[in-house]
Undergrad: 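Got a structure for you, written out below as structure tokens; questions coming shortly.
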2 protein chains.
Amino acid sequence: MDQNPPRSPSVTVADVACKAGVSKATAARVLGGYGTVSDHVRDAVTAAARALDYQPNELARSMTTGRSGTIGVVVGDIENPFFSLAMRGITDVARQTGFTVILINSGEDAATEKSAIRTLLAKRVDGLIVSPAKESDADHLREAARSGRPLVLLDRGSETLDIDTVIADDRHAAEGITRRLIALGHRRIAYITACDTPEHRFRTPADINTGSVRRRIEGFLDVCLEAGLEDMEDWVHVGAVTPEHTHRIATVMLKSSRRPTAVIASDSVIGLEVFKVCRELGLTIPNDLSLVSFHDADWTSVTTPPVTVVRQPVYGLGEAAAKLLVERLNGNTAKATRVVLKTEVVERASVAAAPT
Amino acid sequence: MDQNPPRSPSVTVADVACKAGVSKATAARVLGGYGTVSDHVRDAVTAAARALDYQPNELARSMTTGRSGTIGVVVGDIENPFFSLAMRGITDVARQTGFTVILINSGEDAATEKSAIRTLLAKRVDGLIVSPAKESDADHLREAARSGRPLVLLDRGSETLDIDTVIADDRHAAEGITRRLIALGHRRIAYITACDTPEHRFRTPADINTGSVRRRIEGFLDVCLEAGLEDMEDWVHVGAVTPEHTHRIATVMLKSSRRPTAVIASDSVIGLEVFKVCRELGLTIPNDLSLVSFHDADWTSVTTPPVTVVRQPVYGLGEAAAKLLVERLNGNTAKATRVVLKTEVVERASVAAAPT
DNA sequence: TTGAAAGCGGTACCAT
DNA sequence: ATGGTACCGCTTTCAA
């Protein structure tokens, strides 16, 4: 009985107003749900809108209100379970609070991140959540902060930046597991991270541009020093940026005559690869090698042996960041906060006393 | 020397034009990179823009051009490795082609999905990629398609819908693994999926609203029938929507006196949970139970034994969907395509002959 | 309660 | 090559 509604150049408030026999302003009031309208008129406009299949144009609305109802998120790699879980936390909060999320992958590349932020700002997002690849050049972060739109740093962020930040207590976690390993007699403890340095080798924590990782390494080195272990810097391996890189690094390391007796993996993707290399090399965990990984990824509990991990409240990290951002969006102008969430070591069976 | 640039109510083309001593139209031309301008004027405008720290407003641009440079993506759950990997494929293509991605999680809920699409359409995304939770009521999909903005269905999509779709050859994969299990002597083969039916029990594939899963179950049942196995419908378990649900279902199933000798898990999250339950119950894989899972998740290769999986080209699925969408955006108006990507069975060690 | 009209920040057409 | 100006679709004074 009714034809296919003519869906050409989109129905506007003016059209609805016309059909309802009222002014544009009135129609806009009922359609936009603001101002006061008589019931009679409201019904007429609503009916007209339905008849015409009116679809509001958020873009136009954003133009005048200055708010887009959108938050921009920049992460290193959405494929990484860490980020996808944090993202879940962010999107959940966003939906609950009526926001929508624009996601951009930086690939952990500073230049891409920079342009991502520009793009997001140009699209007039109301706020930003960024997990900065490098903290060294943070100009674009400052710029974003100055743009007037709130910015929250996720999992990373330098102490020097006066910006809202949500992180886990990585340093504390690293100290804990390092102490535990040392207590078990380990002296040759390796730390493997994706973060790279210009020379592809590690000298000092200052070389590490990723806050969360830097803090972990500092904790690791401090505890080692405290225990009288020196030159542990040599045991820090950088550049495990892809599974292939990690595979190469782990293989060389574990084939070495002076191979470590324990390995700390900076994330679950690296931990998984180290686990695989052990298998290939016929190394038994935990007899030949103890393994601890950051991030309680799903696979860590089903391997043989299951692996001991640092459980980070990843979902909570995303959730907290989003909540903090929404507060700012709602006018909270208190000075920059630094939210630090607790981690927890989940002891499983991949850690044992050092081989004698 | 220069003060903090006054960042209040954003700099516009008019401001730049004024400062550069040209008209708004001219300034817009150089800022927008269209039309023709003399080098002299271009430099002046560029300089003025930099001095004022001009930031273009994409919203305003979108208003007049009608294109937002944005594509909307609706998936069931970004936390699921399947979707996060597909998302990676999508975002990579988007970035390469100059688009930006808005992500909404439907939580596999039809109502949420519906409103997500409305929201996205209201935000005037240029196109949509949706992984529909249910195919039964696809009105919102039709509506989206009719809105004039291209829509591509990801991993799911019914044959009856005349909409671009990118899927894997799930049916073929299911047939292959079912044949293999039967050849190994299995007769009691269970299939576990997250898809649910109103009565929380399975009767016929027609009850399954998720295309990819329905095709798999059809393949499974057909091959069983072909082999003379009847009433295999009883071995299909639905409702494994969360790890907790899966745990319950798998426990009941595997504790039963007439427990299956083989299990097919419809995704890696379910497969992982079944694996865990086997451990808890002291069931040895593959001696007591053979296990096959869809999705070659990272953990499947490091368990003991490693598990046999159906490898789906997940990244490729996202990539193909995004490419198809971009083509449409570039004016390709050929009739709706159905891209089917090949799967591959990765034989590992979780499948053996049925216990005698 | 309702209507008229001025923007929001660009784009694009039409003159000059 | 440049300037003037009418939109895009909605919100928001300000009057009536």
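Just so it is clear: chains get the letters A, B, ... in the order the sequence lines come, proteins before strands, and each one is counted from 1. Model, not experiment: these values are computed from the prediction.
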Undergrad: With respect to the side chain of T26(A), which nucleotide from dG3(D), dG3(C), dG10(C) is positioned closest?
TA: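 The answer is dG3(C), which lies nearest to the side chain.
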Undergrad: Would you indicate whether R118(B), at its atom CZ, is surrounded by more than 12 heavy atoms from other residues, nucleotides or ligands within a distance under 6.0 Å?
TA: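 Atom CZ in R118(B) is not crowded, with 12 or fewer foreign heavy atoms closer than 6.0 Å.
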Undergrad: Taking everything shown except D162(A) itself, do over 12 heavy atoms lie less than 6.0 Å from its CG?
TA: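 Result for CG/D162(A): open.
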Undergrad: Rounded to the Å, how far apart are K123(A) NZ and dG9(C) C1'?
TA: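 About 15 Å, once rounded to whole Å.
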Undergrad: When you match R42(B) and A14(A) each to their closest nucleotide on DNA chain D, which lands nearer the 5' end?
TA: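 Going by which nucleotide is closer to the 5' end, it is R42(B).
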Undergrad: Hey, can you pull the residues of residues 56-68 of chain A with a non-hydrogen atom under 4.0 angstrom from DNA chain C?
TA: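 Per residue number, the list reads M63(A), T64(A).
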Undergrad: Salt-bridge test for R146(A) and E143(A): reply yes if a basic N is under 4.0 Å from a carboxylate O, no otherwise.
TA: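 The answer is no: the pair does not qualify as a salt bridge.
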Undergrad: Give me the atom names and distance for the closest heavy-atom approach of L329(A) to D126(A).
TA: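 Minimum heavy-atom separation between L329(A) and D126(A): CD1-O, 3.3 Å.
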Undergrad: Test N80(B) against V75(B) for side-chain contact (heavy atoms from CB on, under 4.5 Å), laying out the working first.
TA: CA-CA 10 Å; N80(B) 185 314; V75(B) 297; over 6 Å; no
Undergrad: Could you report the tightest heavy-atom contact between G211(A) and E135(A), atom names first, then the distance?
TA: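 For G211(A) and E135(A), the tightest heavy-atom pair comes out as N-OE2, 2.8 Å.
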Undergrad: Using OP1 and OP2 only, check whether a side-chain N or O of S10(A) sits under 4.0 Å from dG9(D).
TA: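 Yes.
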Undergrad: Enumerate the residues from residues 28-39 of chain B whose closest heavy atom to DNA chain D is under 4.0 Å, giving them by residue number; use none for an empty result.
TA: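 Per residue number, the list reads R29(B), T36(B), V37(B), S38(B).
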Undergrad: Is it the case that the base of dG4(D) and the side chain of K24(B) share a donor-acceptor contact (distance under 3.5 Å, atom types as modelled)?
TA: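 In this structure, the two groups form no donor-acceptor pair.
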Undergrad: Rounded to whole Å, please give me the gap between CZ in R124(B) and P in dG10(C).
TA: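 R124(B) atom CZ is separated from dG10(C) atom P by 20 Å.
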Undergrad: Is the closest basic N to carboxylate O distance between R156(B) and E108(B) below 4.0 Å?
TA: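 Looking at R156(B) and E108(B), the cut-off is met.
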Undergrad: Between R88(A) and D92(A), does any side-chain N to carboxylate O distance fall below 4.0 Å?
TA: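 Salt bridge present between R88(A) and D92(A).
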